[in-house]
Amino acid sequence: QVSQLANKFRGTLIGALLGDCLGAPFEGDFVVTKSVLTNYVTKLQVETGSVLQMYSYTDDTAMTKSVAESLLECKGFDAKDMAKRFTFEYEQQPKRGYGANVVDVFSALKLTDFEDPFAPAKAQFKGLGSYGNGSAMRISPVALFGYNMPFDQLCDLTKNCSLLTHTNRGGYNGAILQCLAIHQALHTNITDINEAAKFNSKEFLNSLIDSMTKVEKDETSQPFTDKLLSMKKVIEEEKELGALDIAYLFGHGVAAINSVPTAIYIFLRAQKPLQEYETDNVFVRTLYLSISVGGDTDTIASMACSLTGALYGATEIPEILIKRCEVNEEIMKLADNLYAAVMGK
Ligand code: R7I
Ligand code: MG
Ligand code: MG
Ligand code: MG
């Protein structure tokens, strides 16, 4: 029996793993029809035959592991160490579905012997830097490691971890939004699923808007804040968007601006029953909705399920879903080690 906070730490990383592994088979599909998805999600939850079908993780988890391991080993952010772990992991297993351009960063890091670990990322996209969601998709360990950090310190740590590959503000601010959302879910005091009715989506979103307003205040435009504000309208009007509406309004692509707000909306929407798929389990609803929007399904599911995990903890995740994911034991251990590090044990 672990404490509820330790359980929430586990839920955060296991949620991220689960969304990645179970969302990945649909990555790139534009529309996932209700019949296909209902069949898939239903089958995942029942044990048939003697051998459980397992699912592989992708780059989302590969990089998340590196972030967690680096923070633990170095007891904080060490740019060179983290850059080396990303690159080594990629070299060991290059076919994990990495973003088309981020692989050039790994090559350049290696070629320059990690001399300036921030330099290769700056050269991406003719010097504009990547706005892909690759920094947001791997940020969950930072929200855990920074559990007790003040706001500015947490944002700085997130930005530093992002800048190793994503120097466009669309990239690192997306990571900051995802990190702040997880951090807020961790600090939301819900002891278990029976207290789900206590969770207030509007309050959650309002305080996220306050945070993101601070983050984007000195920028020329506030794209993430603006998306959260349109989300606020949707939630206040109690509209329950379907998959196509979600994809249309918030996006489902590899840019952080088109996937981080989407994951946050799905996390909030999944608090209530779905018309499309009947289940009492909030994780299953999060997973179902994430895949239903199509596009970058592994990454959107990973970010959304991580939020659900941070709020309710790992004990609310159906065990059979966890068992289907590659490296689930390793990820559980990383969550426990991050918890111990934060508690000073
Ligand atoms: O962001 P990144 O690590 O990719 C993560 C995604 C996730 O869905 C993973 O599951 C994996 O499938 O990939 O990798 P990047 O290569 O930096 O960015 C991803 C893509 O976003 C690029 O290949 C480009 O198509 C696009 N992109 C940009 N396009 C134009 N201009 C990112 N930044 C730019 C840009 O500045
Ligand atoms: Mg992936
Ligand atoms: Mg891919
Ligand atoms: Mg993806």
Side-chain angles (χ1 to χ4, degrees), residues 15-30 32 55-67 82-83 85-87 89-90 93-109 118-140 142 158-159 161-179 221 223-224 247 250-263 266 287 290-306 325-327 331:
L17 171 72
L18 190 142
D20 179 24
C21 295
L22 304 181
F26 298 92
E27 192 186 26
D29 294 0
F30 189 73
V32 184
Y55 291 81
S56 305
Y57 67 81
T58 78
D59 59 324
D60 304 52
T61 298
M63 298 195 88
T64 300
K65 281 200 299 147
S66 294
V67 170
M82 199 175 280
R85 285 175 197 272
F86 288 157
T87 306
E89 185 74 41
Y90 168 68
Q93 301 180 12
K95 302 254 191 274
R96 289 275 184 186
Y98 284 86
N101 296 79
V102 73
V103 298
D104 298 337
V105 174
F106 305 140
S107 310
L109 281 167
F118 292 107
K122 288 183 199 151
Q124 293 292 89
F125 298 97
K126 300 193 167 104
L128 295 173
S130 173
Y131 54 57
N133 55 21
S135 50
M137 74 183 184
R138 63 176 188 242
I139 214 63
S140 52
V142 175
T158 305
K159 189 169 173 178
C161 292
S162 303
L163 289 177
L164 294 169
T165 49
H166 292 70
T167 64
N168 189 295
R169 70 186 172 99
Y172 63 73
N173 279 340
I176 290 176
L177 174 56
Q178 175 65 12
C179 185
S221 61
F224 288 97
F250 302 115
H252 63 177
V254 289
I257 189 66
N258 292 326
S259 47
V260 178
T262 313
I266 287 170
L287 181 68
S290 300
I291 299 173
S292 75
V293 302
D296 197 358
T297 50
D298 62 335
T299 305
I300 291 171
S302 181
M303 295 191 293
C305 290
S306 182
C325 299
E326 190 184 2
V327 297
I331 295 294

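Every number for a ligand or one of its atoms is a count from 1 in the order of the listing.
Not one N/O/S atom of Met137, from backbone or side chain, sits under 2.8 Å from the Mg ion (ligand 2). None of the N, O or S atoms belonging to Asp20 lies under 2.8 Å away from the Mg ion (ligand 2). Among the backbone and side-chain atoms of Thr299, an N/O/S atom is found under 2.8 Å from the Mg ion (ligand 4).
Under a 4.0 angstrom heavy-atom cut-off, Met63 registers as lying outside contact with ligand 1. For Gly170, the closest heavy-atom approach to ligand 1 does not fall below 4.0 Å. Contact between His166 and ligand 1 is present, with at least one heavy atom of the residue lying under 4.0 Å from the ligand.
With respect to the Mg ion (ligand 2), Asp59 has OD1 as its nearest N, O or S atom. Counting just the N/O/S atoms of Asp298, the one with the shortest distance to the Mg ion (ligand 4) is named OD1.
Near Asp298, meaning under 4.0 Å from any of its heavy atoms, are these atoms of ligand 1: 10 (O). Every atom of ligand 1 is numbered from 1 in the order shown, and the set under 4.0 Å from a heavy atom of Gly97 is 11 (C), 12 (O). The distance from ligand 1 to the heavy atoms of Asp60 drops below 4.0 Å at these ligand atoms: 9 (C), 10 (O). Listed by number with element, the atoms of ligand 1 under 4.0 angstrom from any heavy atom of Gly134 are 1 (O), 2 (P), 3 (O), 5 (C). Distances below 4.0 Å separate heavy atoms of Gly129 from the following atoms of ligand 1: 36 (O).
Annotation: angle subtended at the Mg ion (ligand 4) by Glu27 OE2 and Asp296 OD1 is 90°, to 10°. Seen from the Mg ion (ligand 2), atom OG1 of Thr58 and atom OD1 of Asp60 lie 80° apart in angle, a value rounded to 10°.
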Show me the donor-acceptor pairs, under 3.5 Å and distance only, between side chains in residues 119-129 and residues at least two apart or in other chains.
unit_1	atom_1	unit_2	atom_2	d
Gln124	NE2	Asn101	O	2.8

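Counting heavy atoms closer than 4.0 Å to ligand 1, residue Gln124 contributes nothing at all. Under 4.0 angstrom from ligand 1, the non-hydrogen atoms of Tyr131 come from both its backbone and its side chain.
For Asn258, the side chain to side chain donor-acceptor pair (under 3.5 Å) partners at least two apart in sequence or on another chain are Lys227.
Around atom 9 (C) of ligand 1, the closest heavy atom drawn from Asp104, Asp296, Asp59 belongs to Asp59. Of the listed residues (Thr58, Asn101, Val103, Val254), the one carrying the non-hydrogen atom nearest atom 16 (O) of ligand 1 is Asn101.
Not one N or O on the side chain of Thr158 forms a donor-acceptor pair closer than 3.5 Å with the backbone of Ile176. Without hydrogens or angle criteria, Thr297 side chain to Val293 main chain gives no donor-acceptor distance under 3.5 Å. No donor-acceptor pair closer than 3.5 Å links the side chain of Asp20 to the backbone N or O of Ser302. Checking side-chain atoms of Ser135 against main-chain N and O of Gly171 turns up a donor-acceptor pair under 3.5 Å. A distance-only check finds a donor-acceptor pair linking the side chain of Thr262 to the backbone of Gly251 [under 3.5 Å]. Judged by distance alone, with hydrogens and angles left aside, the side-chain atoms of Gln178 form no donor-acceptor pair with the main-chain N or O of Ile139 at under 3.5 Å. Looking at Thr64, its side chain does come within 3.5 Å of a backbone N or O of Asp60 through a donor-acceptor pair.
When all heavy atoms of Val142 and Cys179 are compared, the pair lying nearest together is CG1-SG, 3.9 Å. When all heavy atoms of Phe86 and Ser66 are compared, the closest pair comes out as CD2-CB, 3.6 Å. The two residues Ala301 and Gly19 have their closest heavy-atom pair at CB-O, 3.4 Å.
Considering backbone and side-chain atoms alike, Ser130 places an N or O below 3.5 Å from some N or O of ligand 1. The shortest N or O to N or O distance between Asn168 and ligand 1 is not under 3.5 Å.
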**Asked** Could you go step by step and tell me if Glu326 and Arg96 meet the salt bridge (Lys or Arg N to Asp or Glu O under 4.0 Å) rule?
**Response** CA-CA 13 Å; Glu326 190 184 2; Arg96 289 275 184 186; 3.1 Å; yes
